[in-house]
Amino acid sequence: MRVGILGSGLMGGKLGTIWARAGHEVVFSYARSEQKLQKLARDAKGKARAGTPREAAQQADAVLLAVHWSRVDDVLKQAGDLSGKVIVTCSLPMSADDTALVIAHTSSGAEELAKKVPKARVVSAFGTVPSEVLFGVFEARRKATKPSLVYCGDDASSKKIAAQLIRDVGFDPVDAGPLRIARYMEPFTLLIAQLAYEGKGGPELAYRFERFGK
Ligand SMILES: NC(=O)c1ccc[n+]([C@@H]2O[C@H](COP(=O)([O-])OP(=O)(O)OC[C@H]3O[C@@H](n4cnc5c(N)ncnc54)[C@H](OP(=O)(O)O)[C@@H]3O)[C@@H](O)[C@H]2O)c1
């Protein structure tokens, strides 16, 4: 797949690196320094390059939106026409000081994003895990027991693409349903963040759902 990274920070930098190592063509974009994007592309060692948000989005089969909520409008503007594109978003609608969700309960960041780009197909994924765990999950990807990763969206074919990208990182994708379920996923992330950053044992934390009974 061709994957465009919009926001090459902790999440975008690591996920793009992992996808390049998994064999995808990755374009890293949207950081404050071009050198950083070029270094990410070099270090990823696969088919990765640095580009503008427009270049990252243009040819992409999927784009990852991984910017602070306050940068969403700017990066979307720079990306240009996203009609028909699969947008996988891990961006949470956090306040400027990252202490609270500014959208919740009656909507979600993912739903508000879908309103901003109504012709794109938005899937919410990856926002429920800390960036610190991503490389560890990738390294453990051949183990039988994998951590879960919830995702949701309204379009079946784009959810398939997202599920593949989730598997490629080493998670077991858990389809949580339509995009409005992001209303529950986004606050769940604050619990995960509490455990990761305030709990014992460090931030390399993932989660796993298990079913019992028939
Ligand atoms: N970090 C996590 O563990 C985590 C987990 C779940 C969800 N999330 C969500 O994922 C999203 C991304 O988080 P993150 O931690 O990856 O953020 P981050 O590390 O701050 O990355 C954001 C990217 O946007 C770039 N950027 C910011 N302002 C810019 C500007 N004015 N012009 C160009 N580029 C600019 C940054 O550039 P620089 O590289 O130059 O700084 C960086 O590459 C957020 O919505 C966050 O809530 C994060």
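Remember, it's 1-based here, ligands and their atoms both numbered in the order they're listed. Predicted, not measured: the structure shown is a model, and the values here were computed from it.
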Exercise for the section: Go through the steps to decide whether F171 and Y151 satisfy the test ring-ring contact (aromatic ring centres under 6.0 Å, His included), and finish with yes or no. Expected result: CA-CA 11 Å; F171 291 102; Y151 68 108; over 10 Å; no

When you measure from the side chain of [X] to the backbone of [Y], do you find a donor-acceptor pair of N or O atoms at a distance under 3.5 Å?
X	Y	value
D154	P178	no
R183	T106	yes
R141	F138	yes
S158	V86	no
W19	L165	yes
S95	A100	yes
K85	A57	yes
E55	V27	no

Ligand 1 atoms in contact with [X] (distance to a heavy atom under 4.0 Å):
X	result
K36	38 (P), 39 (O)
A66	11 (C), 12 (C), 22 (C)
A31	33 (C), 34 (N), 37 (O), 39 (O), 40 (O), 43 (O)
P130	3 (O)

In terms of residue, atom name and distance, what is the protein heavy atom nearest to [atom]?
atom	result
atom 36 (C) of ligand 1	R32 NH2, 3.9 Å
atom 11 (C) of ligand 1	V67 O, 3.4 Å
atom 6 (C) of ligand 1	G127 O, 3.2 Å
atom 46 (C) of ligand 1	L92 N, 4.2 Å
atom 30 (C) of ligand 1	Y30 OH, 3.7 Å
atom 21 (O) of ligand 1	G9 CA, 3.2 Å
atom 3 (O) of ligand 1	S131 N, 2.8 Å

Practice task
Answer yes if a protein heavy atom lies under 4.0 Å from atom 16 (O) of ligand 1, otherwise answer no.
Solution key: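 Yes, because at least one protein heavy atom sits under 4.0 Å from atom 16 (O) of ligand 1.
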
Practice task
For R180, look at atom CZ and say whether over 12 heavy atoms of other residues, nucleotides or ligands are found less than 6.0 Å away.
Solution key: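 Not more than 12 within 6.0 Å, no.
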
Practice task
Could you say whether the N/O atoms of S33 and ligand 1 ever approach to under 3.5 Å?
Solution key: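 No; the residue has no nitrogen or oxygen that sits under 3.5 Å from a nitrogen or oxygen of the ligand.
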
Handout entry: Side chain, backbone, both or neither: M11 near ligand 1, heavy atoms under 4.0 Å
Key =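 Contact part for M11 vs ligand 1: both backbone and side chain.
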
Practice task
Between V129 and ligand 1, find which residue part has any heavy-atom pair under 4.0 Å and reply side chain, backbone, both or neither.
Solution key: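 Under 4.0 Å from ligand 1, V129 contributes backbone atoms alone.
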
Exercise for the section: Report yes or no: does a heavy atom of T189 sit under 4.0 Å from some atom of ligand 1? Expected result: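 Flag not set, T189 not near ligand 1.
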
Problem - contact_flag Y197 ligand 1 heavy-atom lt 4.0 Å - result: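 Yes; Y197 lies near enough to ligand 1 that a heavy-atom distance drops under 4.0 Å.
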
Practice task
Locate the shortest heavy-atom distance separating L205 from P130; write the atom from each residue and the value.
Solution key: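 In terms of heavy atoms, the two residues are closest at O-CD, 3.2 Å.
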
Handout entry: H68 side chain to D98 side chain, donor-acceptor N/O pair below 3.5 angstrom
Key =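 Side chains of H68 and D98: pair found under 3.5 Å.
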
Practice task
Compare C90, G109, G7, S70 and give the one whose heavy atom is closest to atom 7 (C) of ligand 1.
Solution key: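 Comparing heavy atoms across C90, G109, G7, S70, the nearest one to atom 7 (C) of ligand 1 lies in C90.
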
Practice task
Tell me which one of L15, L6, L10 gets a heavy atom nearest to atom 19 (O) of ligand 1.
Solution key: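 Selected option, by shortest heavy-atom distance: L10.
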
